Amino acid sequence: MVDSRKSALVQLKEYGLCRYCLARQTGQASKKHVEKCHICRGLFDNLDPIAEKALAAAEQYQFDTFLVGATLATQFFEREDSLRARLKIRGKESVKSQLTRELGQRLARMTGRRVDFSRPDVAVNVTIDKDGSAEATAHARPIALEGRYTKKARGLPQKQERCPMCQGKGCNLCDNTGFYGDGSVEAILARHIAKATGGQAPRFSWVGSEDQSSLVLGKGRPFYVKVSDPHVRKPKKRRFSEAGITATITGVLDDVPDTQARFTVRTKIACTCERPVTGEDISKLKSLAGAEVKFESRAKVASKKVYSAQAKKTGDREFELTIKADGGLPIKQFVGGVEYMEPNVSGLLGAKCECATFDILSVQFQ
């Protein structure tokens, strides 16, 4: 065993290896210097300028942790593999692994930030061509934000069409929002959040929805949003207003929740009836408190509870119904009863009723 090890060391001397590449094959430190290493061709003697390029790429982002990766021309691997096959060297660190480790150590000293192999804020990739020329790029891990918005102007739908150019990925045409046009809650929030984070293609998870003609009042509707490649991980601007929409970012999360918590919604519904509304009708409407409403949803029967119900007559054939119910109750269907839903307002009054508008008064997690 000792003789074979000595034999390999003797044969290694036939190759001109720098101290990095020699130590990688033998596991022993060396001060040997060569003009042009057989394996790395001087790459490891040129690490400081490469680290500067990695730093310039990383500094475009706000980050606490990072990870360095590398893409090397195949010639580097071929030279090392050929040497190791001849000398029967196995189980040693690769040229790529040592390069990323050395660059990571330099970048840590330059920035005062730490390497994180599992969830780095920023991933830096250094590309080395066959001649040893290096380029560096960086990309940030997505961030998740939670917030609430109020809507005090009618006419804005909640959701927006995807950008036809990038199909929602974010491009110059859509100001990196991923959306086509600007006439919705989603588009307005996306534009402001993309600007505040320097990120791309915000993707929203809504806690419930409302109609285009609805208002959202009180503390607002909660939402979650995931932002790709954010340059700012801790946005300073957390509140913005536009076109009747006021939104506040309330927190930065590790990720958007996989499953939404159960929530309740207090809704004020303006209704019309095909016949005059009576006092008995108002009493019947109040009896909806405590009801379990069943309806068809995605080919199965869903159930939502109504926790409270208040009603008042607002015209000869008009009334206002305010309910607090589980989130996800289809309001227009609940009033009209055209599709299967039991109980529903029209069925309860024995007369055709329609929802003119409905406004969200509050949304609360249970």
Side-chain angles (χ1 to χ4, degrees), residues 1-61 63-141:
M1 180 71 176
V2 174
D3 290 341
S4 63
R5 185 180 299 171
K6 286 184 177 179
S7 175
L9 290 173
V10 170
Q11 293 180 67
L12 273 172
K13 293 180 180 179
E14 298 176 11
Y15 296 89
L17 299 182
C18 69
R19 61 189 179 93
Y20 292 95
C21 291
L22 182 61
R24 194 168 62 253
Q25 314 311 319
T26 64
Q28 300 175 10
S30 173
K31 296 182 179 179
K32 181 179 179 180
H33 177 75
V34 295
E35 291 298 325
K36 197 167 187 179
C37 175
H38 170 74
I39 295 177
C40 75
R41 296 293 199 263
L43 179 65
F44 283 98
D45 290 325
N46 195 41
L47 289 182
D48 286 341
I50 298 175
E52 290 287 349
K53 289 185 177 182
L55 175 64
E59 282 186 329
Q60 300 176 50
Y61 296 89
F63 67 99
D64 294 321
T65 61
F66 70 93
L67 184 64
V68 178
T71 304
L72 276 70
T74 57
Q75 286 84 352
F76 290 95
F77 301 105
E78 290 170 351
R79 290 191 291 266
E80 182 162 72
D81 290 346
S82 176
L83 179 151
R84 288 181 173 179
R86 181 188 172 194
L87 302 183
K88 296 181 173 56
I89 297 174
R90 298 183 180 88
K92 300 294 184 181
E93 186 178 32
S94 70
V95 59
K96 176 179 175 179
S97 178
Q98 186 177 24
L99 174 65
T100 56
R101 179 167 51 81
E102 293 286 344
L103 288 175
Q105 291 172 353
R106 281 168 169 77
L107 199 56
R109 290 195 296 269
M110 296 163 79
T111 63
R113 280 69 177 265
R114 62 182 178 85
V115 175
D116 186 331
F117 292 98
S118 57
R119 284 173 58 85
D121 293 338
V122 169
V124 181
N125 190 73
V126 176
T127 302
I128 312 289
D129 67 16
K130 62 184 179 63
D131 299 317
S133 297
E135 296 295 334
T137 58
H139 191 84
R141 176 169 56 85

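On a predicted model such as this, the values are computed, not experimentally measured, just so you know.
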(request) Evaluate side-chain hydrogen bond (donor to acceptor under 3.5 Å, both in side chains) for Y15 paired with R79, printing each intermediate quantity in order. (result) CA-CA 11 Å; Y15 296 89; R79 290 191 291 266; over 6 Å; no
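- Looking at E80, its side chain does come within 3.5 Å of a backbone N or O of V95 through a donor-acceptor pair.
- Under the 3.5 Å distance criterion, the side-chain polar atoms of K53 are matched with a main-chain donor or acceptor of A134.
- With R106 as reference, L47 is the one residue of V68, L47, I50, L55 to meet the side chain to side chain contact (heavy atoms under 4.5 Å, CB included) rule.
- Between the side chain of D116 and the main chain of S118, a donor-acceptor pair closer than 3.5 Å is present.
- The backbone N or O of D48 sits nowhere less than 3.5 Å from a side-chain atom of E52 that would complete a donor-acceptor pair.
- In the model, T127 has no side-chain atom that pairs as donor or acceptor with a side-chain atom of D129 under 3.5 Å.
- In this structure, Q60 places its CD atom where more than 12 heavy-atom neighbours from other residues, nucleotides or ligands lie under 6.0 Å away.
- A donor-acceptor contact shorter than 3.5 Å links the side chain of K96 to the backbone of A70.
- Taking both residues in full, the closest heavy atoms of L107 and T111 are given as O-OG1, 2.8 Å, listed atom of the first, atom of the second, then distance.
- Looking at residues two or more places apart in sequence or on another chain, you find a ring pair (Phe, Tyr, Trp, His ring centres under 6.0 Å) between F44 and Y20.
- Counting only distance, with no hydrogens or angles, the side chain of R41 and the backbone of H38 share a donor-acceptor pair below 3.5 Å.
- Ion pairing between R113 and D64 fails under the 4.0 Å rule for side-chain N and carboxylate O.
- Figure legend: cation-pi geometry between R114 and F66 absent, as NZ or CZ is not positioned both under 6.0 Å from the six-membered ring centre and within 45° of its axis.
- A donor-acceptor pair is defined here as one N or O able to donate and one able to accept, closer than 3.5 Å; such a pair exists between the side chain of T65 and the backbone of D121.
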